[in-house]
Amino acid sequence: MDRVAANRTPPLLRVIELGLVIADLMENETTVRAAIRLSRESHAPSHWSDCWLPEVRRLLGEAHREGQLSDDTPVEDLTVLVQYLVDGTEAYLRTRLTTGEGRDSAVTQLERLWALVLTGVQDTGAVGRTPPPARPRRPADRPDSG
């Protein structure tokens with residue numbers, strides 16, 4: 001993480017590189033997978049992402065200030081997306097290691113997903129730029145229920 005943070009590349013590219021480095025570590029380092037599993041299976045309130053997610057948040061804030069993100073891209077939402085991508089990579093690796101399914105390396109798969117994120121998947125001519133309608137909140141989602 002220190003090596004990636006020290007790079008002089010644009011902050012958004014450092015976020016992507018950090019995710020790829022984490023994916024590579026998860027795929028190739030047994031101790032990293034063991035640490036993630038212990039974190040996932042423990043009842044502690046912390047999560048293994050606590051060691052890298054603050055840096056992602058900082059870099060995305062920097063990317064936003066430097067104009068690398070579109071105005072309608074909230075930093076916190078993009079931070080959640082990065083966490084989902086890394087968590088999904090970990091789940092992919094768990095499945096691949098136990099079932100043998102999946103041919104691509106985690107890094108290759110994550111690179112393809114980042115390409116989708118950066119270029120977008122919506123054809124503005126087909127759907128337009130309006131966001132999907134908000135779904136109704138379930139009673140458990142409402143702040144006053146509990």
Side-chain angles (χ1 to χ4, degrees), residues 1-29 32-33 35-97 101-146:
M1 192 163 61
D2 292 337
R3 181 182 54 81
V4 172
N7 281 348
R8 293 292 160 222
T9 57
L12 183 56
L13 294 180
R14 282 186 274 163
V15 168
I16 295 168
E17 184 180 357
L18 182 59
L20 296 173
V21 167
I22 292 169
D24 183 63
L25 289 169
M26 287 188 294
E27 188 163 28
N28 296 304
E29 297 292 331
V32 171
R33 287 193 304 274
I36 293 168
R37 181 176 178 181
L38 286 171
S39 173
R40 185 179 63 248
E41 293 177 357
S42 76
H43 298 288
S46 66
H47 189 265
W48 74 276
S49 63
D50 293 346
C51 66
W52 56 267
L53 202 54
E55 181 65 11
V56 165
R57 190 173 288 111
R58 184 191 72 74
L59 287 169
L60 289 174
E62 194 177 317
H64 186 266
R65 287 187 297 280
E66 291 182 10
Q68 294 175 7
L69 305 178
S70 65
D71 291 337
D72 59 346
T73 302
V75 169
E76 197 53 43
D77 290 353
L78 190 52
T79 302
V80 171
L81 178 62
V82 172
Q83 183 168 12
Y84 283 0
L85 287 171
V86 173
D87 286 349
T89 300
E90 191 260 337
Y92 167 78
L93 285 170
R94 257 187 296 129
T95 300
R96 197 179 83 195
L97 290 171
E101 292 180 17
R103 295 177 300 223
D104 291 335
S105 75
V107 171
T108 299
Q109 186 181 48
L110 194 54
E111 285 172 336
R112 283 199 317 267
L113 292 174
W114 268 113
L116 284 174
V117 168
L118 292 175
T119 60
V121 296
Q122 179 180 347
D123 181 351
T124 56
V127 182
R129 294 221 12 115
T130 55
R135 67 180 180 91
R137 294 175 88 181
R138 298 176 301 161
D141 293 338
R142 294 191 185 116
D144 59 346
S145 65

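In what follows, every heavy atom counts, from backbone to side chain, and hydrogens, waters and symmetry copies are set aside. Remember, predicted model here, so these are calculated numbers, not experimental data.
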Handout entry: Salt-bridge contact E76-R57 (side-chain N to carboxylate O under 4.0 Å)
Key = yes
Fill in the blank from the handout: Value for CE (M26) from CG (L110), rounded to nearest 0.5 Å, stands at 7.5 Å
Handout entry: Side-chain (R65) to main-chain (G61) donor-acceptor, under 3.5 angstrom
Key = yes
Practice task
Please report the shortest heavy-atom distance between Q68 and P11, naming the atom on each side.
Solution key: NE2-CD, 3.0 Å
Fill in the blank from the handout: In terms of heavy-atom contacts, W48 and S39 come closest through N-OG, 2.9 Å
Exercise for the section: Enter the distance from L85:CG to L78:CG here, rounded to the nearest 0.5 Å. Expected result: 9.0 Å
Handout entry: Heavy-atom pair of closest approach, residues W52 and Q83
Key = CH2-CA, 3.9 Å
Fill in the blank from the handout: Distance col, row L81:CG vs T73:OG1, nearest 0.5 angstrom, shows 10.0 Å
Problem - salt bridge (Lys or Arg N to Asp or Glu O under 4.0 Å) partner of E90, the single match among R37, R33, R96, R40 - result: R40
Report, one line per pair, each donor and acceptor closer than 3.5 Å where one atom sits in a side chain of residues 14-23; sequence neighbours left out.
{"unit_1": "R14", "atom_1": "NE", "unit_2": "T9", "atom_2": "O", "d": "2.9"}
{"unit_1": "R14", "atom_1": "NH1", "unit_2": "A5", "atom_2": "O", "d": "3.1"}
{"unit_1": "R14", "atom_1": "NH2", "unit_2": "T9", "atom_2": "O", "d": "3.4"}
{"unit_1": "R14", "atom_1": "NH2", "unit_2": "E62", "atom_2": "OE2", "d": "3.1"}
{"unit_1": "E17", "atom_1": "OE1", "unit_2": "N7", "atom_2": "ND2", "d": "2.7"}
{"unit_1": "E17", "atom_1": "OE2", "unit_2": "R3", "atom_2": "NH1", "d": "3.3"}
{"unit_1": "E17", "atom_1": "OE2", "unit_2": "N7", "atom_2": "ND2", "d": "3.4"}

Handout entry: From D77 atom CG to L60 atom CG, the distance as rounded to the nearest 0.5 Å
Key = 11.0 Å
